[in-house]
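Numbers for residues simply follow the sequence, beginning at 1.
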Amino acid sequence: MNEAARTAALQRLDALVGEWTMEAAFAPGVTGRAVFEWVLGGQFLVERTEVPGAPDGIAIVGPDRDRQGYTQHYYDSRGVARLYAMTFDGRVWTLLRDSPDFTPLDFWQRFTGELSADGGTISGRWETSADGSTWEHDFDLTYRKVR
């Protein structure tokens, strides 16, 4: 990826930067927190999440050199480490885990979130698959921008 393409890819992620509340459909009334911020001179985007009753997490995102997307490195307080292929076109955010990484691939995962026109809400859903072809809804996840 040339420098101009890398810069454009990183600039698309600016829409995610800031503090967000998180609400998952499986835990009504429980509100988590996500913070997206640039690190290392703006070369990577970091997401930190805290949700009562769920593992705390950190994700590091950078442009994928072989595609027009990104790679997200995910880690959480359980010791889980995963790699996701990620896309974000300024409106639709996707994550996909479809191959073994730091751990065996016991199940496939994908997330699709849509950023509202005003940039204040991401309405998303997680799905899982036992075989990579038949997908089941796991849970809805909504982000609301605080600042």
Side-chain angles (χ1 to χ4, degrees), residues 1-99 101-103 105 107-129 132 135-147:
M1 175 182 290
N2 67 39
E3 193 56 37
R6 181 179 174 80
T7 299
L10 290 169
Q11 287 174 344
R12 280 194 301 276
L13 298 176
D14 273 334
L16 301 175
V17 172
E19 182 178 346
W20 302 75
T21 61
M22 299 168 58
E23 299 165 10
F26 64 81
V30 176
T31 302
R33 178 176 179 259
V35 176
F36 292 84
E37 61 187 343
W38 292 110
V39 297
L40 301 174
Q43 295 300 307
F44 298 94
L45 183 68
V46 170
E47 176 189 12
R48 290 179 174 82
T49 58
E50 299 171 347
V51 179
D56 293 340
I58 187 167
I60 303 167
V61 176
D64 187 332
R65 293 201 180 274
D66 297 332
R67 301 188 227 175
Q68 293 298 320
Y70 309 87
T71 298
Q72 183 195 75
H73 296 254
Y74 169 84
Y75 308 93
D76 72 30
S77 57
R78 299 171 294 180
V80 169
R82 295 185 176 142
L83 286 175
Y84 291 90
M86 179 177 143
T87 62
F88 184 68
D89 64 6
R91 183 80 190 247
V92 178
W93 174 22
T94 67
L95 296 166
L96 176 65
R97 183 171 181 256
D98 63 355
S99 60
D101 44 38
F102 301 106
T103 58
L105 185 66
F107 60 96
W108 286 252
Q109 290 178 292
R110 69 182 178 193
F111 171 80
T112 304
E114 187 170 335
L115 183 65
S116 63
D118 68 2
T121 304
I122 300 169
S123 299
R125 69 187 174 283
W126 277 100
E127 298 172 294
T128 62
S129 174
W135 291 89
E136 297 179 9
H137 181 265
D138 193 8
F139 63 92
D140 292 328
L141 181 63
T142 303
Y143 290 75
R144 298 186 200 291
K145 198 161 202 173
V146 175
R147 56 181 176 96

Centroid-to-centroid, Y70 to W93, below 6.0 Å? no
Is any side-chain heavy atom of V51 less than 4.5 Å from a side-chain heavy atom of M22? yes
Roughly how far, to the nearest 0.5 Å, is the CH2 atom of W108 from the OG atom of S99? 10.0 Å
Hey, are T94 and T87 close enough side-chain-wise for a donor-acceptor pair under 3.5 Å? yes
Is any side-chain heavy atom of V35 closer than 4.5 Å to a side-chain heavy atom of R147? no
What are the two closest non-hydrogen atoms of G62 and F44, and how far apart are they? CA-CD2, 3.9 Å
For the CZ atom of F102 and the OH atom of Y75, what is their distance to the nearest 0.5 Å? 4.5 Å
So which atom in D140 and which in R125 form the shortest heavy-atom distance, rounded to 0.1 Å? OD1-CB, 3.5 Å
Testing the basics here: between G120 and W20, what is the closest heavy-atom pair and its distance to 0.1 Å? O-CZ3, 3.8 Å
Would you check, one step at a time, whether the test side-chain contact (heavy atoms from CB on, under 4.5 Å) holds for E114 with R91? CA-CA 6 Å; E114 187 170 335; R91 183 80 190 247; 3.4 Å; yes
Separation of R144 CZ from S116 OG (nearest 0.5 Å): 9.5 Å
From CA spacing to verdict: side-chain contact (heavy atoms from CB on, under 4.5 Å), R48, V46: CA-CA 7 Å; R48 290 179 174 82; V46 170; 3.5 Å; yes
Within a strict 4.5 Å, meaning less than it, do heavy atoms of the L83 and T71 side chains meet? yes
Apply the test side-chain hydrogen bond (donor to acceptor under 3.5 Å, both in side chains) to residues W38 and D14: give CA-CA distance (whole Å), side-chain angles for both, the deciding distance (0.1 Å), then the verdict. CA-CA 9 Å; W38 292 110; D14 273 334; 2.9 Å; yes
What's the spacing between T112 OG1 and L141 CG if we round to 0.5 Å? 12.0 Å
Quick one: does T121's side chain get under 4.5 Å of L115's, heavy atoms only? no
Taking all non-hydrogen atoms of both residues, which atom of A34 and which atom of E47 are closest, and how far apart? CB-OE2, 4.0 Å
Atom of P52, atom of T31 and distance for their closest heavy-atom approach: CD-O, 3.5 Å
When rounded to the nearest 0.5 angstrom, what distance separates CG in L40 from CD1 in I60? 8.5 Å
With side chains defined as the heavy atoms from C-beta onward, is the minimum distance between T49 and D56 less than 4.5 Å? no
At what distance, to the nearest 0.5 angstrom, does CG of L45 lie from CD of Q72? 9.5 Å
State which residues pass side-chain contact (heavy atoms from CB on, under 4.5 Å) with R97; sequence neighbours excluded, sorted by chain then number. R82, Y84, D101, T103, L105, Q109
Would E19 and K145 pass as an ion pair if we require N to O under 4.0 Å? no
Got a sec, which pairs hit salt bridge (Lys or Arg N to Asp or Glu O under 4.0 Å) with one end in residues 70-81, sequence neighbours left out? D76-R78
Any idea how F111 and W126 line up, ring-wise: parallel (<30°), tilted (30 to 60°), or perpendicular (>60°)? tilted
For F139 and A24, the nearest pair of non-hydrogen atoms, with its separation, is CD1-CB, 4.2 Å
